[in-house]
Enquirer: 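Below: one structure in structure tokens.
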Amino acid sequence: MDEAWKMCGCDQQRYQHDSYRHFYSHPVWLLNGIYIEQDPISMGHRHSIADSVAQLGAKRILDFGGGFGTLARLIAGRLPASEISIYDPHPPAHGLQACREYPNITYVDTLCPLNYDTMVCTDVLEHVHDPLRLLADIVATVQPGGHLIIANCFAPVILCHLPCTFHLRHFFSWCAESLGLQQVGPCKGSHAWIYRRRADGTINLKKARRREAFAKLLHPLFTRVVLPARPILRGIRALPFIGVPR
């Protein structure tokens with residue numbers, strides 16, 4: 001995937017429409033989709049997210065950035081009476097073909113405000129240069145009281161995970177509060193978290209920006225001091241003469 005990124009001439013520091021479009025339409029994403037559907041850990045995460053969506057009793061669902069359609073198909077199997085929309089600016093031909101067997105799955109190219117009671121977004125926000133702006137747009141599609149299941153990987157795993165997002169690794173939920181979200185808890189069995197759009201539904205991007213600026217200041221501290229110290233602190237807590245709860 002990193003080789004495809006380089007071959008397409010993408011730059012982590014600035015968005016280049018043609019290069020990014022070329023990359024996200026590259027056949028490497030077909031290989032990625034095939035790998036995900038063969039990998040037990042990746043599929044385990046997606047089954048857990050689909051189970052959570054089903055437990056919420058969702059009726060109108062948005063799979064944002066759902067591309068290959070794997071998660072949407074899992075949800076469709078659990079909720080055959082639901083309506084599932086997949087929004088992806090670069091939908092793969094194989095995903096389109098695979099989803100044709102499911103009459104309740106539709107690929108859409110526009111987003112309507114307050115149109116969904118549940119939204120899932122897995123491993124998308126680390127790929128964009130302004131994740132909070134995109135998150136604000138996503139939140140606007142969900143009805144007040146509706147749920148959002150979001151999984152992020154704000155870490156330098158691959159080149160298309162942009163460094164300009166890494167400050168959100170430990171501050172994402174705090175920033176998301178300003179966009180009208182309340183954290184419900186982890187989506188068990190996956191790396192996703194469940195959020196609820198608050199009843200007032202207020203999306204305050206300016207407040208989110210202020211929190212983001214603070215997160216950028218604290219991120220180096222967390223990276224260089226707090227995170228390396230965690231194993232030491234756990235070891236100290238484990239000492240029998242300390243008596244500090246774990």
Side-chain angles (χ1 to χ4, degrees), residues 1-5 12 23-56 58 61-79 82 84 86-88 90-99 101-102 105 118-128 131 134-135 138 147-163 165-166 168-173 176 183-195 222-223 227-228 230-231 234 246:
M1 190 169 287
D2 284 352
E3 290 302 315
W5 174 270
Q12 289 184 326
F23 173 68
Y24 285 107
S25 301
H26 193 280
V28 72
W29 289 100
L30 173 60
L31 297 177
N32 183 68
I34 294 172
Y35 169 78
I36 285 173
E37 296 196 349
Q38 303 303 315
D39 178 57
I41 295 177
S42 298
M43 287 304 294
H45 284 217
R46 284 158 178 78
H47 277 291
S48 294
I49 293 171
D51 287 341
S52 292
V53 173
Q55 290 168 9
L56 291 171
I61 304 155
L62 172 65
D63 184 359
F64 188 91
F68 210 65
T70 303
L71 180 55
R73 282 180 268 127
L74 293 175
I75 295 171
R78 290 164 170 77
L79 296 171
S82 65
I84 304 169
I86 299 177
Y87 177 85
D88 196 296
H90 311 285
H94 181 81
L96 293 167
Q97 180 65 35
C99 289
E101 301 177 13
Y102 297 84
I105 297 179
T118 304
M119 189 283 307
V120 293
C121 179
T122 58
D123 300 322
V124 171
L125 295 176
E126 60 267 25
H127 293 263
V128 300
L134 180 58
L135 179 61
I138 294 172
H147 290 85
L148 300 88
I149 301 179
I150 304 174
N152 301 310
C153 182
F154 297 120
V157 179
I158 47 180
L159 289 177
C160 55
H161 288 190
L162 303 179
T165 69
F166 294 167
L168 293 173
R169 181 178 179 184
H170 304 289
F171 300 96
F172 176 79
S173 293
Q183 189 180 75
V184 176
C187 177
K188 294 181 180 179
S190 78
H191 63 305
W193 285 79
I194 303 173
Y195 300 85
F222 267 73
T223 302
L227 295 183
R230 281 183 175 178
R234 282 196 293 267
R246 297 185 184 181

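The figures that follow rest on heavy atoms only: side chains count, while hydrogens, waters and symmetry mates do not. Along the sequence shown, residues are numbered consecutively beginning with 1. All values reported here derive from a predicted model rather than from experimental measurement.
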Enquirer: Where do Ile150 and Met119 land on the side chain to side chain contact (heavy atoms under 4.5 Å, CB included) test, with the steps shown first?
Expert: CA-CA 8 Å; Ile150 304 174; Met119 189 283 307; 4.1 Å; yes
Enquirer: At what distance, to the nearest 0.5 angstrom, does CG of Leu74 lie from CD of Glu37?
Expert: 8.0 Å
Enquirer: Ignoring hydrogens, what is the shortest heavy-atom contact between Ala176 and Leu135? Give both atom names and the distance.
Expert: CB-CD2, 4.1 Å
Enquirer: Under a 4.5 Å cut-off applied to non-hydrogen side-chain atoms, are Pro92 and Leu30 in contact?
Expert: no
Enquirer: Does a side-chain heavy-atom distance below 4.5 Å link Phe68 with Asp88?
Expert: no
Enquirer: Calculate, to the nearest 0.5 Å, the distance between atoms CD1 and CG belonging to Ile105 and Leu96 respectively.
Expert: 11.0 Å
Enquirer: The test is side chain to side chain contact (heavy atoms under 4.5 Å, CB included); show your working for Trp193 and Asn152 and say whether it passes.
Expert: CA-CA 9 Å; Trp193 285 79; Asn152 301 310; over 6 Å; no
Enquirer: Excluding sequence neighbours, so at least two apart, what forms side-chain hydrogen bond (donor to acceptor under 3.5 Å, both in side chains) with Ser173?
Expert: Gln183, Tyr195
Enquirer: Of all the heavy-atom pairs spanning Leu71 and Ala50, show the shortest one and how long it is.
Expert: CD1-N, 4.1 Å
Enquirer: Which atom names give the shortest non-hydrogen contact between Cys187 and Ser48, and what distance separates them?
Expert: SG-O, 3.8 Å
Enquirer: Report yes if some heavy atom in the side chain of Ile158 is under 4.5 Å from a heavy atom in the side chain of Trp5; otherwise report no.
Expert: no
Enquirer: Spell out, as yes or no, whether a donor-acceptor pair under 3.5 Å connects the side chain of Arg78 to the backbone of Ser52.
Expert: no
Enquirer: Measure the CD-CG distance between Gln12 and Leu159 for me, rounded to the nearest 0.5 Å.
Expert: 5.5 Å
Enquirer: Are any non-hydrogen side-chain atoms of Ile61 and Leu79 less than 4.5 angstrom apart?
Expert: yes
Enquirer: Between Ile86 and Cys99, is any pair of side-chain heavy atoms under 4.5 Å apart?
Expert: yes
Enquirer: Please check this pair: side chain of His161 against backbone of Glu126, looking for a donor-acceptor N/O pair closer than 3.5 Å.
Expert: no
Enquirer: Which heavy-atom pair separates Val28 from Ala4 by the least distance, and what is that distance?
Expert: CG1-CB, 3.9 Å
Enquirer: With side chains defined as the heavy atoms from C-beta onward, is the minimum distance between Tyr102 and Ile84 less than 4.5 Å?
Expert: no
Enquirer: Work out which heavy atom in Leu134 is nearest to a heavy atom in Phe64; give both atom names and the distance.
Expert: CD1-CZ, 3.6 Å
Enquirer: Is the side chain of Trp29 donor-acceptor paired with the backbone N or O of Phe23 at a distance under 3.5 Å, no angle test?
Expert: yes
Enquirer: Could you grab the distance from atom CG of Leu56 to atom CD1 of Ile149, nearest 0.5 Å is fine?
Expert: 5.5 Å
Enquirer: Are Asp63 and Ile75 close enough that some pair of their side-chain heavy atoms sits under 4.5 Å apart?
Expert: no
Enquirer: Does the side chain of Met43 reach to within under 4.5 Å of the side chain of Thr70, using non-hydrogen atoms?
Expert: yes
Enquirer: To the nearest 0.5 Å, what is the distance between CZ (Arg46) and CD1 (Ile36)?
Expert: 4.0 Å
Enquirer: Write down the atom of Gly65, the atom of Val124, and the distance for their closest heavy-atom approach.
Expert: CA-CG2, 4.1 Å
Enquirer: Taking only residues two or more places apart in sequence, or in another chain, which ones meet His191 in a side-chain hydrogen bond (donor to acceptor under 3.5 Å, both in side chains)?
Expert: His45, Asp123
Enquirer: Under a 3.5 Å distance rule, please check whether Ser42 uses its side chain to pair with a backbone N or O of Asp39 as donor and acceptor.
Expert: no
